[in-house]
Amino acid sequence: MARKSSMEALEQKIKKAQEQVSKTKKQHDAAVKILSDLLDKRDALRSEELIKALANSKRTYEELLDFLNTEREED
């Protein structure tokens with residue numbers, strides 16, 4: 001009879017572990033969604049800031065493109 005009760009105990013532990021995995025997966029997915037939304041907002045703000053800086057620059061369009069497309073020389 002000990003074998004049956006140990007099997008039942010094992011099955012209960014497995015079920016509990018599966019529930020825990022499911023719960024933490026939902027929490028993980030929610031955290032990933034929040035992070036993704038925050039990164040999207042940051043990127044949008046950076047884009048707006050860059051566009052404003054370009055618009056307010058006294059450099060020409062060509063000068064700005066040359067600067068942005070030039071690889072940085074190593075020190």
Side-chain angles (χ1 to χ4, degrees):
M1 215 41 166
R3 198 149 188 56
K4 187 173 182 178
S5 64
S6 66
M7 182 63 87
E8 289 173 359
L10 182 59
E11 289 295 332
Q12 288 177 350
K13 287 180 182 179
I14 290 171
K15 184 177 179 182
K16 192 173 192 175
Q18 287 173 329
E19 290 170 353
Q20 183 66 33
V21 167
S22 177
K23 180 180 176 183
T24 54
K25 182 176 181 343
K26 288 176 186 176
Q27 291 173 339
H28 173 267
D29 291 346
V32 167
K33 172 85 170 94
I34 290 169
L35 175 60
S36 178
D37 291 346
L38 291 171
L39 291 172
D40 289 346
K41 287 179 184 180
R42 183 191 65 186
D43 291 346
L45 289 173
R46 284 181 172 180
S47 293
E48 288 176 22
E49 184 179 22
L50 182 60
I51 289 170
K52 286 178 185 176
L54 292 172
N56 294 330
S57 174
K58 294 182 181 177
R59 306 279 184 196
T60 66
Y61 176 78
E62 289 77 17
E63 289 173 322
L64 292 169
L65 282 181
D66 285 343
F67 173 75
L68 293 173
N69 290 323
T70 302
E71 288 191 30
R72 184 175 175 192
E73 292 182 20
E74 294 192 29
D75 297 327

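From a predicted model like this one, the values you see are computed outputs, not experimental measurements.
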Let me check something: any side-chain donor-acceptor pairs from residues 34-56 under 3.5 Å, sequence neighbours excluded? List them with distances.
residue : atom : partner : partner atom : Å
D37     : OD1  : K33     : NZ           : 3.1
D37     : OD2  : K33     : NZ           : 3.1
S47     : OG   : D43     : O            : 3.0
N56     : ND2  : K52     : O            : 3.2

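- Here K25 pairs with D29 under the salt bridge (Lys or Arg N to Asp or Glu O under 4.0 Å) rule; sequence neighbours left out.
- Between M7 atom CE and I14 atom CD1 the span is 8.5 Å, to the nearest 0.5 Å.
- The CD atom of Q20 lies 6.0 Å from the NZ atom of K23; values are rounded to the nearest 0.5 Å.
- Residue pairs meeting the side chain to side chain donor-acceptor pair (under 3.5 Å) criterion with at least one member in residues 8-18, sequence neighbours excluded, do not occur.
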